[in-house]
Amino acid sequence: MSTRIADVLIPLALDTAYSYRVPEDLGLVEGDVVVVPLGTRETVGVVWGLSEGGGANLKAVSGKVDASRLSPALRKLFDWLAWYTLAPRGSALALGLRVPEPRPEVPRVGVRLTERVPVRMTAARRRVLEAAADGLTRSKRELADAAAVSASVIDGLIDEGALETLALAADPVAKIPDPGFGQAELSEQQHEAARAVCAAFHDAPPPVILLEGVTGSGKTEVYFEAVAEALRAGKQVLILMPEIALTAQFLERFAGRFGVPPAVWHSGVSSRRRERLHAGVATGEVQVVAGARSALFLPFEQLGLIVVDEEHETAYKQEDGVHYHARDMAVVRGKLEGATVILASATPSLESRVNATRGRYRRIVLPERFGGRTMPEIRAIDLKRETMPRGRFISPTLAFAVEDTLARGEQALLFLNRRGYAPLTLCRACAYRYECPNCSAWLVEHRFRRALVCHHCGHIERTPEACRSCGSVDSLVSCGPGVERIAEEVTEIFPGRRSIVLSSDFPGGAERLRAELAAVAAGEFDLVIGTQLVAKGHNFPFMTLVGVLDADLGLASGDPRASERTFQVLQQVTGRAGRGEKPGRALVQTWQPTHPVIAALVSGDAERFYREEARAREAAGLPPFGRLAAIVVSAAEREAAEAHARGMAQVAHPLPGVMVLGPAEAPLAVIRGRHRFRLLVRTEREVDLQCYLRDWLARCPKACGSVRAIIDIDPQSFL
DNA sequence: AGCACGCCGACT
DNA sequence: GTCGGCGTGCTC
């Protein structure tokens, strides 16, 4: 008398699947979604394994949920993700498990014209009757929109019998994209790249492709051809993008190529719609999903292609809960599903370039701009050779170039990656610096808001009249530039020019900002002063000059990715010049024109940057990428962990309350908390980290379920 | 994640 | 005396 046992993984912070007895008549299969008793309540879970057992006194599975079954590939993905990130398997599962709430089916109502004429006629009613004159059935909303009336007019006509209601078939979750709809005209280069990408789609095993193309080279059109190829092969496609890149503009472009927009998945999509999409993806009805990171865990039935657009974007990094990088997970999912993966970027991350060089990824390059446009000419302005007017940040050379550009009726962009008015406020009398009380970073002056703001933690205080330290009045000076201060300078040296400051502080929110970006694109401004916000997105056809005010900003931040990030953002922002009819140029103000980042940027030789950066890291004994892990253990484990740490050498650490211990190649830090404390392990390579942690956990078994995080080495995210 | 259990301070 | 605050640990 053997019983069937189901090992059920529950989407909670649990690493082990729990065993339940399977009732005879349930007919469970691995991957089924089930309801099981857990403690005093009932929870949903997924059958991770089935076996024949002795039928011990286990609780029984309560029932099967009529939801999509998780495919073996998806279950493997969650297992792998949990293993890789050292997260409990249940937490990994929680990222992708979605259980449909039982909702009453709301029948969609359509209305249609009848023979009956309403007793009283009004202008609004007449418009409705005209719009409905063709006798077709429409939804209330549609008819109201077509006649430009409110829904109550329609209701009135229904009451009078002039319109009749009838049940409407539920509309499809997503429209069917047509791979042959609007084949774009491709340049020779794009064509060649598209052919290579499409050919690779049929390779076995399917490759990971790094599609690298300079700004304006038409990467999107190229990967759209791969999407078309996948659709023709009857496969589903996932396009991952940073949430902010999922714009109406992108959807229109997609619709221009495939006839309809893709299904969209991001945090703003309603839960009802998500549920329908989830189900539609599982049945294969939804063929293309464009989505933010979490779309990675949708239960695709026949996934053939994953595109990761702007693969270098940091938005792909999940920093709370389970720490994962969506780009890397996309590569893993591609492998598990047998799907081709395309990583697209104008400025790839260092690790993707390294992977391409090592032959793990196939590299396809679009070196030129589309439509005969040329890349902007980039020149450095050596600030050591400029005579800067006192209190000014725009050099005479740059000012002259701006004047010249404006005189020709073209636009210029002045780029400074610093919000606010001035990054530092200090007292002339006592040399007191205004620092954040929470994180001791400098407080940034925002003159417009009359406040000092911490860009780290959000702390805000009113700009003081007198020095907080010595009480002197009128002794405070603003040091260094922010975009607001540059705007002030611009009105002084280019009087009468229409200028605008664009940063994430822009008053009026995202809607206003979008409108202003459109206004810039339409040529309604002469000068744009902007932060990183203007580095990508909207195309500005009249912009022919980009001036970078401080190219060195960010190079000395201590972040191991500082060079890479700076290079990427400078490449993007200088690439804004000359995307319209006329060629563009960029002038880059710097104190260190021979710095590898600046030299590579000016020479237009990205290869050189990546090569040198990889070499520099190797020489410094750093890997191209590294990780930090935090383990949270219970108070009971504290002693054992400390005993283990005691045998290790101490190393200084800049973080308050952190004690760093351990050998130099794998230091171990201990942060004391009130009731918990953390162990932070830094290591040179991911593989080492895994080994190190596993070894550590073996000695400290109870800590195993409590490993909380693996994060990139990045002091910012760590703080 | 929820829920129970247990240990402390402060109230009808 | 007990009510309830939170901190801790368990759930097949």
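Below, chain A is the first sequence line, B the second, and so on; all start at residue 1. It should be emphasised that the depicted structure is a prediction, and the values quoted were computed from it without experimental measurement.
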Nearest listed nucleotide, side chain of [X], among [options]:
X: A:L58; options: B:dA4, B:dA1, C:dC12; result: C:dC12
X: A:K59; options: B:dA4, B:dA1, C:dC12; result: C:dC12
X: A:R41; options: C:dC12, B:dG2, B:dA4; result: B:dG2
X: A:L12; options: C:dC12, B:dC3, B:dA1; result: B:dA1

Is the distance from the ring center of A:F297 to that of A:F78 below 6.0 Å? yes
By the 4.0 Å heavy-atom rule, please label A:S19 as base, sugar-phosphate, or nothing. base
Quick one: [X] [atom1] to [N] [atom2], roughly how many Å, whole number?
X: A:L14; N: B:dG2; atom1: CG; atom2: P; result: 13 Å
X: A:D15; N: C:dC10; atom1: CG; atom2: P; result: 16 Å
X: A:L38; N: C:dC12; atom1: CG; atom2: P; result: 5 Å

Return each pair, listed once, that meets ring-ring contact (aromatic ring centres under 6.0 Å, His included) where at least one residue sits in residues 17-39 of chain A; pairs must be two or more places apart or across chains. none
Can you find a side chain N or O atom of A:Y18 that sits less than 4.0 Å from OP1 or OP2 on C:dT11? no
Do other residues, nucleotides or ligands put more than 12 heavy atoms under 6.0 Å from the NZ atom of A:K64? yes
Going by ring pair (Phe, Tyr, Trp, His ring centres under 6.0 Å), name the residues that satisfy it together with A:H266, two or more places apart in sequence or in a different chain. none
